[in-house]
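Below: one structure, written as structure tokens.
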Amino acid sequence: MSVDAPARTLNVALVGNPNTGKSTLFNALSGIRQKTGNYPGVTVEKKHGSFTHKGQKVELIDLPGTYSLAPRSPDEMVTVDVLLGRQANEAKPNAVLVIVDASNLERNLYIVSQVKELGLPTVVALNMGDIAKDKGISVDVDKLAERLDVPVVATQANRKGGLDQLRDTIVSLLDRDSISPESPFPAEFCDKVSQLHEKLQKHDAESTRYLAERLLLDTSGYLEKELTSGGQELHNWIVESRNQLAELGQPVPAIEAISRYKWVQSVLDGIITREAARKVTLSDRIDRILTNRVGGTIFFILIMTLMFQAVFSDLVAGNLMGYIEGFFELIAGLVDASLADGALKSLLIDGVIAGVGGVLVFLPQICILFFFIAILEDCGYLARAAYLMDRLFSKIGLSGKSFIPLLSSFACAIPGIMAARVIENRRDRLITILVAPLMSCSARMPVYVLLTAAFIPDETIGGFLSLHTLVMLSMYLLGILAAVGVAFVLRRTILPGETPPFVMELPSYKFPSISGVLMVMVEKGWAFVKRAGTLIFAMTIIVWALSYFPRNEEAATAPFANEIAQLESQLEGANEEEAAQIEERLVEINNQIDGELLRGSFLGMAGHWIEPVVKPLGWDWKIGSAAIASFPAREVIISTMGVLYNLGGEEDEESAPLRETIKEAKWAGTDENVFNIPVALSIMVFFALCAQCAATLAVIKRETNSWRWPIFTFVYMTVLAYLGALITYQVSAAIMLS
Amino acid sequence: MSKLSQLAVGQKAVIASIDATNVAAVRLMEMGMTPGCSVKMIGSAPFGDPLEVEIRGYHLSLRKTEADLVELVS
């Protein structure tokens, strides 16, 4: 056995209010040594990082930004559990680093007061001194440390200022096991807490004083259920104690805020100086315009337009997408040249490269959207956007906080659903997650583009509004309106309850940190590549197999065998012009054989099987099969249609032959066109509303930790899509085809 | 006694009490809205709700229904 005692690792938990630069500090301290994950059962993100300073290894746990350590839900409980060492698979922290905003010390010290009661060695990082200076606030750091009785380090996280001193201070905590907890509460209250703590320890020796105090303060009943499994006697004792405290002029839960803010004032008394007249900062002046009724609304519309313009214009996203497409075409070409025809080649080209490439092509749009969102968030504007949008959202029973997740969902529902974590209220978060997939994500674009270009006449209304633009815009609006309707209905049926409060800080504007913004962009982009990539990868293989097997090549080739043999012999003696004609005919035959094979595949059989169901939508079996194939990922429809209409799988939405062929397609045995405007509209509406994305459903499962919600989402969206397509077809057919 | 929701834009007042039986009120108190604290009305969002106030040197937004829980010293 080794006799060397392993160096003790220092586990430090990062705690602090939102908008204090906590994440920036975490990134600056840990550099690239980070890992993100999820706690099972809740939507709290866990972030681990580490650094080594003077030979001492320090592990950091970044906890979600919060104003208070008063748990009222499982999500908020995780933070307290981690700090108390109650969280499974998470080492108990040896120390806490609290990040506070120097320009907003009064409110920020509230959580310091709660942390100090935990009794863990604590360091306070006094961040954002530059903003405090702008506001004319100066703080005596030494005196603050003296009053708080814990080390205080002035930092400037966005410029990596004060980091060495902070690391020194953190490492110096290694020698301390605990600090004496300091309670700001009056004696009568502390007595009650001690009594309750004793009672709890009889049942569970591990129970802590902090949780006993929280139990007494939490009138919502959440902690009682969580900690005591609802004993009637204990419940009566707690209620009685609260009554007694109220009679003594210490009403629970108001006593907590009153006591702590009193403590904060005593700490800050005389060590914080403000210029006599509070300076009107640049932030104040900007805000006067940006939250103004007229100016604010105009700016909001402008910034949203600019953002979507950047995401959808060819200037940036379009070109990058072109490069990615080109890259996958190159790979497909290499595979095509180096492998013999057969199942493996088909799997690689039609399955893996077409499927995964078709998803990765949206990466630039997602990165650009998140680049914008990260900048807006970092500089403090997104809080204003939520503030401006709250009234609209509250009409459908949500709050302005749902704005950010739904905005992100226009790029892709997956990061959008993950962004719903900013909503504390569980019901609000759930409804936001359930309607997020209705926002028209970038994967719907190719479907809209193909069908619009093929079937909607290129005309303008009133000389300026193009009919194409109008149809595309309608599809986006359809998604938004459907989301509004569904949220409204959910609120009044299966997810009822009071509208949660909207209490939100509007932080001072600041210049965004470029490295932080880029980090968010890379993180989200990579998450998209990884999550969507793995699932899409698996799904495309399954869809490919269904469209490839069972394969009877002989039967499919037989009707053309003679012609092929004849053409091939003619080819030998043919001149250039004839050869070209013969080659063309051979390709045509090959495409027909491929089509025949597909009709005989499992996917083709399924298409025939569901034909009666899709006929009322104006669809034939081929559209039905393509729709089935698109359930794992809607982009698949383009390549599937290419194969179904005998064109080979390498078609994209810009492909003129595909557009022409589907225009010419006839119902079997008749000369009636399959496609017309009503059919095109009904397909677009179906794709706008249907949950054709397995990755999204998987993320809903992960974020809600239940199979119930992804299944619910799938069912309601499919029903909505079917009904929407049915109404669209029947109404538009009655108008246009009569 | 008047309520915070009735405060005119630009006006300052001192908080007298908060109806602490409400969950939203606990949130407000955690954010610094305690009796004796001074509060200033900054303005409201385009549709008149939510409101923006200044308290303890920072800006906080809240809906009128929440501002109704806060009584001001007359």
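Remember, it's a predicted structure, so these values are computed and weren't measured experimentally. The sequence lines fix the lettering, A, B, ..., with proteins before strands; numbering per chain opens at 1. These values consider heavy atoms only, across backbone and side chains, with no hydrogens, waters or symmetry-generated copies.
Put simply, of B:Pro35, B:Ala25, B:Gly43, B:Ser44, the one with the most heavy-atom pairs under 4.5 Å next to chain A is B:Ser44. Counting heavy-atom pairs closer than 4.5 Å to chain A, the top residue among B:Met33, B:Arg27, B:Met31 is B:Met31. Ranked by heavy-atom pairs under 4.5 Å with chain A, the list B:Val23, B:Leu51, B:Ile42, B:Ile18 is led by B:Leu51.
Against chain B, the residues from residues 259-269 of chain A that qualify, each with a non-hydrogen atom under 4.5 angstrom away, are A:Tyr261, A:Gln265 in number order.
Taking every heavy atom of both residues into account, A:Arg391 and B:Pro50 meet most closely at N-CD, 4.5 Å. Smallest separation of non-hydrogen atoms from B:Ser61 and A:Tyr387: CB-CD1, 3.5 Å. A pairwise comparison of heavy atoms in B:His59 and A:Asp287 identifies ND1-OD2, 4.0 Å as the closest pair. Residue B:Thr34 comes nearest to A:Ala257 through the heavy atom pair CG2-CB, 3.8 Å, listed as atom of the first residue, atom of the second, then distance. Contact record, B:Glu66 with A:Pro501: OE2-CA, 2.9 Å, taken as the closest heavy-atom pair.
Using a 4.5 Å heavy-atom threshold, the side chains of A:Phe502 and B:Leu62 count as separate. Within the 4.5 Å cutoff, the side chain of B:Arg63 has heavy atoms near those of the A:Ser399 side chain. Counting only heavy atoms from C-beta outward, the side chains of A:Met504 and B:Leu60 never approach each other to under 4.5 Å. A:Asp390 has its side chain out of reach of B:Asp49: every pair of non-hydrogen atoms, C-beta onward, lies at least 4.5 Å apart.
Neither the backbone nor the side chain of B:Leu69 comes within contact range of chain A; no heavy atom of the residue lies under 4.5 Å from a heavy atom of that chain. Using a 4.5 Å cut-off between heavy atoms, B:Thr65 makes no contact with chain A at all.
With respect to B:Glu30 and A:Arg72, a salt bridge is recorded, a charged nitrogen being found less than 4.0 Å from a carboxylate O.
Note that CZ of A:Arg107 is 4.5 Å distant from OH of B:Tyr58, once rounded to the nearest 0.5 Å.
The neighbour count for A:Arg491 CZ, taken as heavy atoms of other residues, nucleotides or ligands under 6.0 Å away, is above 12.
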